[in-house]
Amino acid sequence: MKRINEIVVVEGKTDSQLLKELYDVDTIETHGLGLDEKTLELIKEASKIRGVIVLTDPDYPGLKIRNQVEKYVQNCKHAFVDRKDAIGRKKLGIAEANKEAVKKAIENVVTFSNQEESISWKEFLELDIIGDKKKRLKVYDLFHLGYGNAKTLFKRLNMVGISREMIEKELENEGYSD
């Protein structure tokens with residue numbers, strides 16, 4: 001079984017169970033939106049020693065938890081499971097996700113950094129992503145950046161250092177052209 005060196009931050013026990021079926025891994029559970037100062041401190045310490053990967057549900061509470069951890073812990077990595085791959089019978093979440101989607105998320109982690117802009121707002125607008133949901137979701141998917149609106153996409157592209165040229169090249173490879 002493949003070992004994950006970093007500690008994976010998840011929302012609950014069932015998320016941990018699923019990951020432990022797939023990998024030799026240590027997890028920290030946030031208990032959903034019950035994420036408290038003590039748990040944030042634990043995540044911060046873990047990040048200094050082994051690093052952390054944040055893997056939360058692709059829904060609003062999951063995004064809120066991810067943002068809280070990102071704000072509190074510098075240099076954490078992020079893994080995103082697509083919403084479409086995380087729908088169970090009655091719930092949406094990592095525990096309900098298909099195993100291949102979770103593996104893909106773990107293998108395509110991204111690290112956000114607040115360096116200089118890799119793409120300007122003007123360049124982003126010129127890509128005609130705003131108003132084209134299909135294209136926006138395709139860019140999210142191509143670069144494994146999760147899910148969100150256009151403004152969030154712009155932020156995440158900059159956080160991982162993706163340029164306009166890189167986006168155009170990937171879109172062209174996918175059959176998108178001006």
Side-chain angles (χ1 to χ4, degrees), residues 2-10 19 22-23 25 43-44 47-48 50-87 92-94 97-178:
K2 191 174 175 183
R3 171 92 181 131
I4 296 178
N5 295 326
E6 297 89 349
I7 295 172
V8 182
V9 177
V10 294
L19 277 174
L22 302 173
Y23 298 101
V25 62
I43 295 167
K44 191 177 203 173
S47 77
K48 291 176 187 173
R50 290 179 45 195
V52 295
I53 298 172
V54 180
L55 178 65
T56 56
D57 297 347
D59 56 10
Y60 179 74
L63 178 63
K64 196 169 177 177
I65 294 163
R66 182 182 298 279
N67 290 342
Q68 249 183 305
V69 173
E70 171 72 28
K71 199 173 184 180
Y72 199 84
V73 181
Q74 301 304 306
N75 300 322
C76 48
K77 296 176 182 176
H78 296 271
F80 296 96
V81 171
D82 286 340
R83 202 176 179 93
K84 69 179 177 359
D85 295 324
I87 298 170
L92 169 83
I94 297 303
N98 74 59
K99 291 177 181 176
E100 288 309 308
V102 174
K103 286 180 182 177
K104 182 181 170 193
I106 292 292
E107 288 166 13
N108 292 290
V109 296
V110 295
T111 305
F112 297 152
S113 70
N114 296 318
Q115 300 166 347
E116 63 209 47
E117 277 190 345
S118 56
I119 181 170
S120 70
W121 183 247
K122 181 179 184 286
E123 289 173 320
F124 184 73
L125 290 174
E126 289 168 355
L127 288 169
D128 289 326
I129 290 173
I130 295 176
D132 187 340
K133 186 175 182 180
K134 187 178 174 197
K135 195 175 198 179
R136 173 173 44 94
L137 296 179
K138 189 64 173 170
V139 173
Y140 267 115
D141 188 46
L142 287 168
F143 295 101
H144 311 286
L145 297 173
Y147 175 84
N149 61 24
K151 188 175 175 185
T152 301
L153 177 60
F154 173 70
K155 280 186 191 171
R156 288 184 182 170
L157 289 168
N158 273 301
M159 290 173 139
V160 296
I162 296 169
S163 69
R164 175 186 179 161
E165 292 74 27
M166 292 163 78
I167 297 166
E168 288 173 334
K169 183 180 175 208
E170 287 299 320
L171 285 174
E172 196 174 300
N173 290 344
E174 291 292 316
Y176 282 86
S177 59
D178 294 335

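Note that the coordinates shown come from a computational prediction; the quantities given were computed from them, not determined experimentally.
- Looking at heavy atoms from C-beta onward, I106 lies in side-chain contact with Y23 at the 4.5 angstrom threshold.
- In this structure, I167 and F124 have side chains that are not in contact, with every pair of non-hydrogen atoms separated by 4.5 Å or more.
- Residue pairs meeting the side-chain hydrogen bond (donor to acceptor under 3.5 Å, both in side chains) criterion with at least one member in residues 143-154, sequence neighbours excluded, are N108-H144, N149-T152.
- Annotation: side chain of V9 is not in contact with side chain of V73 (no heavy-atom distance under 4.5 Å).
- We find the CD-CD1 distance between E107 and I4 to be 9.0 Å, quoted to the nearest 0.5 Å.
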Please walk me through it: do K103 and E100 pass salt bridge (charged side-chain N to carboxylate O under 4.0 Å, His left out)? CA-CA 5 Å; K103 286 180 182 177; E100 288 309 308; 3.7 Å; yes
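- Between the side chain of R136 and the main chain of I129, no donor-acceptor pair closer than 3.5 Å is present.
- Counting heavy atoms from C-beta on, the side chains of V102 and L19 come closer than 4.5 Å.
- When side chains are defined from C-beta on, K138 counts as touching L171, because their heavy atoms get closer than 4.5 Å.
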Audit row: F80, V110, side-chain contact (heavy atoms from CB on, under 4.5 Å) steps and yes/no: CA-CA 9 Å; F80 296 96; V110 295; 3.9 Å; yes
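- Although no hydrogens or angles enter the test, the distance criterion places a donor-acceptor pair under 3.5 Å between the side chain of N98 and the main chain of A101.
- Salt bridge status for E168 with R164: present, with a side-chain N to carboxylate O gap under 4.0 Å.
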Would L55 and V81 count as a side-chain contact (heavy atoms from CB on, under 4.5 Å) if you check the C-alpha gap in whole Å, the side-chain angles of each, and the deciding distance to 0.1 Å? CA-CA 8 Å; L55 178 65; V81 171; 4.0 Å; yes
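- One distance of note links OG1 of T56 with NZ of K64; it measures 13.0 Å at 0.5 Å rounding.
- Distance CD/E165 to OG/S118: 10.0 Å, rounded to 0.5 Å.
- With rounding to the nearest 0.5 Å, the separation of CG in L137 from CG in L145 is 12.0 Å.
- Figure legend: cation-pi geometry between R156 and Y140 absent, as NZ or CZ is not positioned both under 6.0 Å from the six-membered ring centre and within 45° of its axis.
- Taking CD of E6 as the reference point, atom NZ of K77 lies at 3.5 Å (rounded to 0.5 Å).
- Residues N158 and I119 have side chains in contact (heavy-atom distance under 4.5 Å, counting atoms from C-beta outward).
- Contact record, A79 with I53: CB-CG2, 3.8 Å, taken as the closest heavy-atom pair.
- For the atom pair CD1 (I130) and CG (L153), the distance works out to 9.0 Å, reported to the nearest 0.5 Å.
- Side chain of K135 to main chain of L127: a donor-acceptor pair is present (N/O by atom type, distance under 3.5 Å, no hydrogens or angles).
- Looking at R83, its side chain does come within 3.5 Å of a backbone N or O of P58 through a donor-acceptor pair.
- Two residues are said to be in side-chain contact when any heavy atoms from C-beta on lie closer than 4.5 Å; E117 and F154 meet this criterion.
- S47 is not listed as a side-chain neighbour of Q74, based on a closest heavy-atom distance of 4.5 Å or more.
- When all heavy atoms are compared, the tightest approach of V160 to I162 is CG2-CD1, 3.3 Å.
- Around NZ of K84, the count of heavy atoms belonging to other residues, nucleotides or ligands within 6.0 Å exceeds 12.
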